[in-house]
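Here's the structure we're looking at; comments come further down.
The shown structure was predicted, so the numbers you read here are calculated from the model rather than taken from an experiment.
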Amino acid sequence: MANNNNQSNRGFAGMDEDKQREIAAQGGRAAHESGNAHEFSSEEAREAGRKGGEAVSQDREHMSEIGQKGGQQRQDDGGNQGNNQGNNQGGRQQGGRQQK
């Protein structure tokens with residue numbers, strides 16, 4: 001919402017962010033009071049999330065980047081996360097003894 005150097009300082013975009021937020025909040029409150037604002041039911045929100053997830057998953061480049069980040073994170077963790085899960089659940093038994 002902040003101004004870029006190559007944009008005019010006039011109008012809504014020229015205001016500081018706090019002033020913009022206050023005006024936008026007033027508009028939202030007015031819409032709710034007049035009954036014009038839409039409030040999603042749980043089912044509508046679920047359906048919107050499903051559609052959004054489908055749309056995002058169609059972007060193969062984006063999904064590839066997500067997968068690469070996940071793989072990098074696993075590599076950075078050094079596989080310790082899986083070992084910690086076993087230890088947090090009371091350890092593993094080997095030869096009748098519990099490992100710690």
Side-chain angles (χ1 to χ4, degrees):
M1 285 189 211
N3 296 333
N4 292 336
N5 290 335
N6 60 353
Q7 292 183 346
S8 171
N9 288 333
R10 299 184 318 182
F12 189 77
M15 297 178 189
D16 70 13
E17 291 183 30
D18 291 334
K19 184 69 173 172
Q20 287 179 347
R21 270 195 204 93
E22 179 55 37
I23 292 171
Q26 288 174 358
R29 285 191 291 272
H32 281 280
E33 288 173 10
S34 68
N36 291 325
H38 180 75
E39 294 187 29
F40 284 93
S41 68
S42 294
E43 184 59 36
E44 287 175 312
R46 188 177 304 112
E47 179 67 12
R50 185 188 64 75
K51 286 182 179 181
E54 285 179 0
V56 168
S57 68
Q58 297 301 310
D59 183 350
R60 295 186 58 77
E61 184 177 330
H62 174 70
M63 296 304 289
S64 174
E65 290 173 10
I66 292 171
Q68 288 172 4
K69 287 180 182 178
Q72 183 64 47
Q73 183 65 44
R74 280 187 85 116
Q75 201 171 27
D76 291 346
D77 288 347
N80 289 332
Q81 193 172 24
N83 293 336
N84 289 338
Q85 284 180 339
N87 292 335
N88 290 337
Q89 295 173 358
R92 297 184 181 180
Q93 291 193 359
Q94 182 179 14
R97 283 187 14 223
Q98 187 176 21
Q99 282 184 327
K100 292 191 178 184

For E44 and E47, what are the C-alpha separation, side-chain angles and deciding distance, and is it a side chain to side chain contact (heavy atoms under 4.5 Å, CB included)? CA-CA 5 Å; E44 287 175 312; E47 179 67 12; 5.8 Å; no

For a salt bridge (charged side-chain N to carboxylate O under 4.0 Å, His left out) check, start with the C-alpha distance between K51 and E54, then their side-chain angles and the critical distance, and finish with the verdict. CA-CA 5 Å; K51 286 182 179 181; E54 285 179 0; over 6 Å; no

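The CD atom of Q75 lies 10.5 Å from the CD atom of Q73; values are rounded to the nearest 0.5 Å. In this structure, I66 CD1 and E61 CD are separated by 11.5 Å, a value rounded to the nearest 0.5 Å.
Enclosure of atom CZ in R50 by more than 12 non-hydrogen atoms of other residues, nucleotides or ligands within 6.0 angstrom is indicated.
Taking 4.0 Å as the cut-off between side-chain N and carboxylate O, R21 and E17 count as a salt-bridged pair. Under a 4.0 Å N-O distance rule, the pair E22/K19 does not qualify as a salt bridge.
When all heavy atoms of M15 and I23 are compared, the closest pair comes out as SD-CD1, 3.6 Å.
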